[in-house]
There are 2 protein chains.
Amino acid sequence: MKDNNDMPGHLARRFQQIAVAVFLAEVGDAGFDLTPVQYAALATIKANPGLDQVTLAGLIAYDRTTITGVIDRLVQKGLAERRASSRDRRARELEITDEGRRTLRKITPAVESAQRIMLRGLSAKEGEDLMRLLHKAIAAGNELSRAPLREAQA
Amino acid sequence: MKDNNDMPGHLARRFQQIAVAVFLAEVGDAGFDLTPVQYAALATIKANPGLDQVTLAGLIAYDRTTITGVIDRLVQKGLAERRASSRDRRARELEITDEGRRTLRKITPAVESAQRIMLRGLSAKEGEDLMRLLHKAIAAGNELSRAPLREAQA
DNA sequence: TACTGATAGTCAGCATACTGAGCAATATCC
DNA sequence: GGATATTGCTCAGTATGCTGACTATCAGTA
C-alpha cells in the first residue's frame, strides 16, 4: 500500500507546516509578532498603496473571506489602515502606516533567514529546482482553488 | 524587492492550498465527505490497529491537540472507534470500523486521482523530482515544527 | 430610468493548526 | 514507598482557510 508520506498532498502539508513554524520562530526571535500570512499581506499593501481588499487577496492568493480577518489584525496592530474608497463606495482602500513600514524593514532579515532555514537540507541548486517545480505545479493548478492568484488590474 | 511569489514559504502555502482543494473536489465528486487530514488519519489507523493517539499523531505529523478533533469527527461519522486502553488507562486505542474500511476502499481512486491532478503541470520525472526534494527538505526540517514525524515504537 | 447581473465586503459556521494550561495516570529515582 | 518527572489526552484561545449566504453598490442594458 502507498504510504501517506509518499503522497504529494501529504508532503505539501508537511512542508507548509515546517515553513510556518520556521517563520514564526525566526520572526518571534527578532521580537515581532507577525504571521506569514500577515507579512505577505503587509508587504503587498506597501508595494501597491491604496489597493482594495479583493485585489490584495488576488495578488497573494487568499480567499476574500480570509483577508477580512487578516486586515482586521494588521489594523488592530497599527500596521495598516482601511479607508473607504472615493471611487467605489463598496471598496476599502488599504494603506501601510509608518509603523508598518518600520516593522517590515526590521523583520526583513528574519524573514530571509526563515526562507533559508526551510531549505537548509537542500543544496543551492536543489533549492532552486524545488522552487521552480513548485512554481510550475502551482501555475498549472492555479484555478483549482477558490483563491487563485490574480494579476493586478491595469 | 523580492516578490512574495518567489519565497519558498509562500509557494509551500499555495501548493498546499491547491492540494487540499483538489482532494476535496475529487473525493466530493466521488460522493464522500472526508478531508485530507481525516483520510490520512483513517488510513493510518487501518494500517496500525489499536494504536494510541500520540502514536497516530507522530506517524502523520499532526499536533496532539489537532488529532483530538480529527478523531472526534471520524468517530462521529462512524468510521473509527476510540476505546480505553487496557495497558495504560491514560491512552485511547483507535480502531477502524467496517464502515471506515468500506469508505477507504471506495475513495481510493478519488484520492489517487487527486494526487495526479496536483502534479498535472509536471512531467513524470518532474513530479518525482518534486517529491524527492520535498522529502529531503522536510526530513531536514522535521524537528522544527511542534508536530514532527515519529516512527512507531517497536 | 428601471431591471438585471456582477462585484466588494462581511458574517456564521466548520475544519485544521498551534500555544499554553491542566488533569489523570504512569515511570523513574531516591 | 514516596516524591518527582514524564506522558496521554483534553480544553480554551487564536489564526488561517474554506462554504455559503447576505447587504450594499456598481455596471450594463432594455
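Every chain is numbered from 1 and lettered A, B, ... according to where its sequence line falls, protein lines coming before strand lines.
Applying the side chain to side chain contact (heavy atoms under 4.5 Å, CB included) test to Arg132(B) and every residue at least two apart in sequence or in another chain returns Glu126(A), Asp129(B). Residues forming a side-chain hydrogen bond (donor to acceptor under 3.5 Å, both in side chains) with Asp88(B) (at least two apart in sequence, or on another chain): Arg90(B). Every side chain to side chain contact (heavy atoms under 4.5 Å, CB included) that Val54(B) has, sequence neighbours left out, goes to Asp52(B). Qualifying salt bridge (charged side-chain N to carboxylate O under 4.0 Å, His left out) partners for Glu26(B), counting only residues two or more places apart in sequence or in other chains: none. Listed by chain and residue number, nothing satisfies the ring pair (Phe, Tyr, Trp, His ring centres under 6.0 Å) test with Tyr62(A) (two or more places apart in sequence, or in another chain). With sequence neighbours left out, the side chain to side chain contact (heavy atoms under 4.5 Å, CB included) criterion links Asp33(A) to Lys77(A). With sequence neighbours left out, the side-chain hydrogen bond (donor to acceptor under 3.5 Å, both in side chains) criterion links Arg13(B) to no other residue. Remark: Ala21(A) pairs with Ser145(B) by the side chain to side chain contact (heavy atoms under 4.5 Å, CB included) rule, at least two apart or across chains.
For the pair Leu51(B) CG and dC9(D) P, the computed distance is 9 Å after rounding to whole Å. Taking atom CZ on Arg13(A) and atom C1' on dT16(C), their separation rounds to 9 Å, with Å as the unit. Rounded to an integer number of Å, the gap from Phe15(B) CZ to dG17(D) C1' is 18 Å. When rounded to the nearest whole Å, the span between CZ of Arg14(B) and P of dC18(D) equals 11 Å. Regarding Gln53(A), its CD atom lies at a distance of 14 Å from the C1' atom of dA24(D), rounded to whole Å. We find that CZ of Arg92(A) is positioned 9 Å from C1' of dT10(C), with the value rounded to whole Å. The separation between Leu56(B) atom CG and dG8(D) atom P is 13 Å, rounded to whole Å.
The residue among Asp52(B) and Ala147(A) whose nearest nucleotide of DNA chain D is located toward the 5' end is Asp52(B).
Note on Gln16(B): only backbone sugar-phosphate atoms sit closer than 4.0 angstrom, heavy atoms only; bases stay farther off. Contacts of Ala21(B) with the nucleic acid, taken as non-hydrogen atoms under 4.0 Å apart, are absent.
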Are any protein N/O atoms closer than 3.5 Å to N/O atoms in nucleotides 24-26 of chain C? If there are, list each pair with its distance.
unit_1	atom_1	unit_2	atom_2	d
dA25(C)	N3	Arg90(B)	NH1	3.3
dT26(C)	OP1	Arg89(B)	N	3.2

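Annotation: Glu143(A), atom CD; neighbour count of heavy atoms from other residues, nucleotides and ligands within 6.0 Å is above 12.
Counting only distance, with no hydrogens or angles, the side chain of Glu93(A) and the backbone of Ala84(A) share no donor-acceptor pair below 3.5 Å.
DNA chain D is contacted by no residue of residues 23-42 of chain B, taking any non-hydrogen atom closer than 4.0 Å. Listed by residue number, Asp63(B), Arg64(B), Thr65(B), Thr66(B), Val70(B), Arg73(B) are the residues of residues 57-82 of chain B with a heavy-atom contact under 4.0 Å to DNA chain C.
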Got a list of side-chain donor-acceptor pairs under 3.5 Å for residues 64-72 of chain A, not counting sequence neighbours?
unit_1	atom_1	unit_2	atom_2	d
Thr65(A)	OG1	Asp63(A)	OD1	2.7
Thr68(A)	OG1	Arg64(A)	O	3.4
Asp72(A)	OD1	Arg82(A)	NH1	2.8
Asp72(A)	OD1	Arg82(A)	NH2	3.1

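For the pair Arg146(B) and dA17(C), the criterion of a side-chain N or O lying under 4.0 Å from OP1 or OP2 is not met.
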